[in-house]
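What follows is a single structure, written as structure tokens, with notes after it.
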Amino acid sequence: MKIISIVNQKGGVGKTTTAINLSAHLAKSQKVLLIDLDSQGNATSGLGFIRSDINFSSFDFFQTNLDNNHQLYLKTNVAKLYLTPSSLDLVNLDLNLSYVDKREYLLKNSLMKIESNFDLIIFDCPPSLGLITINALTASNYVLIPVQAEYYALEGLTQLLQTIASVQNNFNADLDILGVILTMYDKRTTLAKDVKNEIKTFFDKKLFKTVIPRNIRLAEAPSHGLTIEQYDRWSRGAKAYRNLTKELMAIIDS
Ligand SMILES: Nc1ncnc2c1ncn2[C@@H]1O[C@H](COP(=O)(O)OP(=O)(O)O)[C@@H](O)[C@H]1O
Ligand SMILES: [Mg+2]
């Protein structure tokens with residue numbers, strides 16, 4: 001069993017799009033649980049669920065007295081892909097847990113109850129480096145960093161790397177950077193190429209060869225509650241996420 005956190009404290013860089021489509025592809029060969037940790041719930045709605053219909057959420061993982069019969073995930077319309085939806089309660093989590101002992105390990109401890117049911121768990125993290133993201137990183141084997149190909153792409157990455165290093169030193173020595181994936185890439189612009197070169201210099205081998213193009217089909221799919229493979233498998237976005245999945249599996253399996 002492997003656990004991957006998808007992290008970038010910037011919003012709108014493609015974390016959720018990557019979480020949904022990567023999870024769906026990986027579920028072709030294994031049993032995958034996608035855990036929505038963002039109070040905005042885009043991964044939940046993107047897979048076609050309405051939060052008000054569901055009476056449990058990823059917030060429950062942060063409770064210490066979770067009983068064994070508590071439901072923690074749903075079956076999605078993708079075979080072998082399961083989802084833990086998010087809820088608005090997550091907004092106040094940092095504050096509510098500020099006096100709790102070992103609060104960085106709550107998620108990791110709760111996962112022990114269910115991890116034997118899955119081959120892979122993926123966290124879609126919120127746009128912050130607060131306690132929710134720290135919990136995800138503490139529970140993970142890998143962190144995957146989507147970076148949008150735009151001006152100031154590198155801004156914030158130093159802080160993200162510091163947070164990862166701090167989690168490695170204090171809570172989870174096994175945490176590895178899986179790689180950086182460039183998203184919303186427009187190969188016609190010099191800006192996109194410049195950003196790619198800059199990231200390549202900074203991350204070297206950790207930059208995935210696959211880049212995710214800017215593709216309107218990727219932005220449309222979640223409003224239909226569909227993955228890109230279900231919505232338009234011939235699109236460039238679908239092809240890119242297939243390639244990313246192959247590249248990523250080669251690293252995880254090696
Ligand atoms: N490759 C892409 N091409 C076009 N639109 C994209 C692409 N990736 C994401 N989007 C859109 O950009 C917005 C932000 O993406 P999202 O995955 O929600 O980012 P994050 O989870 O980091 O906030 C969403 O509206 C999404 O549909
Ligand atoms: Mg998101």
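Counting convention: from 1, in listed order, for ligands and their atoms alike. In this chain, numbering begins with 1 at the start of the sequence shown.
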Determine, counting only non-hydrogen atoms of the protein, whether one lies under 4.0 angstrom from [atom].
atom	value
atom 24 (C) of ligand 1	no
atom 7 (C) of ligand 1	yes
atom 16 (P) of ligand 1	yes

Looking only at side-chain N and O atoms, does [Y] offer a donor or acceptor that is under 3.5 Å from a partner on [X]?
X	Y	result
Gln230	Asn77	yes
Ser86	Arg51	yes
Glu247	Thr210	yes
Tyr73	Asn117	yes

Could you measure the distance from the [atom1] atom of [X] to the [atom2] atom of [Y]? Nearest 0.5 Å is fine.
X	Y	atom1	atom2	answer
Arg214	Arg188	CZ	CZ	10.0 Å
Ile145	Leu207	CD1	CG	10.5 Å
Leu33	Phe123	CG	CZ	8.0 Å

[atom]: which protein heavy atom is closest, and how many Å away?
atom	answer
atom 26 (C) of ligand 1	Thr17 OG1, 3.8 Å
atom 18 (O) of ligand 1	Thr16 CB, 3.9 Å
atom 12 (O) of ligand 1	Met184 CE, 3.9 Å

Test item: Thr138 side-chain N/O and Asn172 main-chain N/O as donor-acceptor pair under 3.5 Å: no

Flag side-chain contact, heavy atom, 4.5 Å: Tyr152 against Leu154: no

Quick check on contacts: which atoms of ligand 1 are under 4.0 angstrom from a heavy atom of [X]?
X	result
Leu218	1 (N), 2 (C)
Asn215	2 (C), 3 (N), 4 (C)
Ile212	1 (N)

Hey, is [X] one of the residues with a heavy atom under 4.0 angstrom from ligand 1?
X	answer
Val13	yes
Pro127	no
Ala221	no
Gly12	yes

Same apolar cluster: Val211 and Met249, side chain cutoff 4.5 Å: no

ILVMFWY cluster, Ile181 and Leu178 together (side-chain gap under 4.5 Å): yes

Of the listed options Ala43, Ser223, Ala219, closest to atom 27 (O) of ligand 1 (non-hydrogen atoms): Ala219

Selection from Gly14, Ala149, Pro222, Pro213 by shortest heavy-atom distance to atom 1 (N) of ligand 1: Pro213

Metal check, the Mg ion (ligand 2) vs Thr17 N/O/S, cut-off below 2.8 Å: no

N or O contact, Lys15 vs ligand 1, cut-off under 3.5 Å: yes

